[in-house]
Colleague: 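Shown below is the structure under consideration.
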Amino acid sequence: MIETVSRLEDLRARVGGWKRDGLRVGFVPTMGNLHEGHRSLVHLAREHCDRVVASVFVNPTQFGPGEDFARYPRTPQDDAAALEASGCDLLWLPSVEAMYPLGIEAAVQVRVPGITSVLEGAHRPGHFDGVATVVARLFNQVGPDVAVFGRKDYQQLAVIRHMVADLAFPVAIVAAGTAREPDGLALSSRNQYLSAEERTRAPRLHQALEALRDALRAGTERATAEANAADTLAAAGFDVDYIVARRPDLSEPGPGERGAMVALAAARLGRTRLIDNLEFELQ
Ligand code: PAF
């Protein structure tokens, strides 16, 4: 079974030994309940590195009041088996006390300005403060050369890149493509909250992003295309937080603007909040 460490000194001893041997260390941070998407992150880390560390930590500080922290799926044995099978070398499994040794109230926080105030940041206040805070801690604990993040959490990836650039973390960030079910639904641990009937409708989120992209390519004005996409999702029973087209840095494109774009959506189906995005070129 994969080697699992829960004490910082054990983690540092193992990674320090690899570094002294001149090995490149990759890191995949997760909240556990691993699926094929996570396995692809481990494989990508392995392509870039000699050794791969994954962390499993359901981070309380990135969940808002009333969000799914308590019911977030925790499957530690399956996670260890999945990491072992995907070629991961070490599992970092910190307790809340190991992650926040002075307690959450006294924890030093990392707050990335600007990009965290829109979209996910606007709908989940404080979420990205929790993400940046825990990822900074994980980077300091693990000390990786490379860290892999999924493109499905597009805004999270942008937040991490901003933090790494600004705080000069000596880690290269590698982005992994979104793993999808055959019907287009992006893989997510939260998909298991869906009822069987909701699961049949869930791929419409991805389809709505494709329709938004196609409408923009066909010359539809952005505000109209976004409103149509939101209406389509609402008609399919989604409670829509947003479905929009943005520049890659998440700022709003001007009228008729061309170039690289990303369509992003967040919507609730029953008690499940789904997010997805689609990067594309507008010529
Ligand atoms: O993407 C996630 O699973 C989490 O936000 C992360 C990066 C592991 C931080 O808790």
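Start at 1 and go down the list; that is how both ligands and their atoms are numbered. Just so it is clear, the model here is predicted, and its values are computed rather than measured. Reckoned from all heavy atoms, side chains included, excluding hydrogens, waters and symmetry mates.
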Colleague: For ligand 1, which part of Thr30 has a heavy atom less than 4.0 Å away: the side chain, the backbone, both, or neither?
Modeller: backbone
Colleague: Check Arg124, Gln62, Arg273 against Glu67 for a side chain to side chain donor-acceptor pair (under 3.5 Å) and give me the one that passes.
Modeller: Arg124
Colleague: Go through the side-chain N and O atoms of Tyr100 and Asn59 and say whether any donor and acceptor fall under 3.5 Å apart.
Modeller: yes
Colleague: Hey, are Arg51 and Asp145 close enough for a salt bridge, meaning a charged N less than 4.0 Å from a carboxylate O?
Modeller: no
Colleague: What atoms of ligand 1 come closer than 4.0 angstrom to any heavy atom of Val134?
Modeller: 9 (C), 10 (O)
Colleague: Could you check whether Glu252 pairs with Arg247 (Lys NZ or Arg NE/NH1/NH2 to Asp/Glu carboxylate O, under 4.0 Å)?
Modeller: no
Colleague: Report, in ascending order of atom number, the atoms of ligand 1 lying under 4.0 Å from any heavy atom of Pro29.
Modeller: 8 (C)
Colleague: Select the closest option to atom 9 (C) of ligand 1 among Met31, Gln62, Lys152, judged by heavy-atom distance.
Modeller: Gln62
Colleague: Locate the shortest heavy-atom distance separating Cys49 from Val25; write the atom from each residue and the value.
Modeller: SG-C, 3.6 Å
Colleague: For atom 7 (C) of ligand 1, what is the closest protein heavy atom, and at what distance to 0.1 Å?
Modeller: Gln156 NE2, 3.5 Å
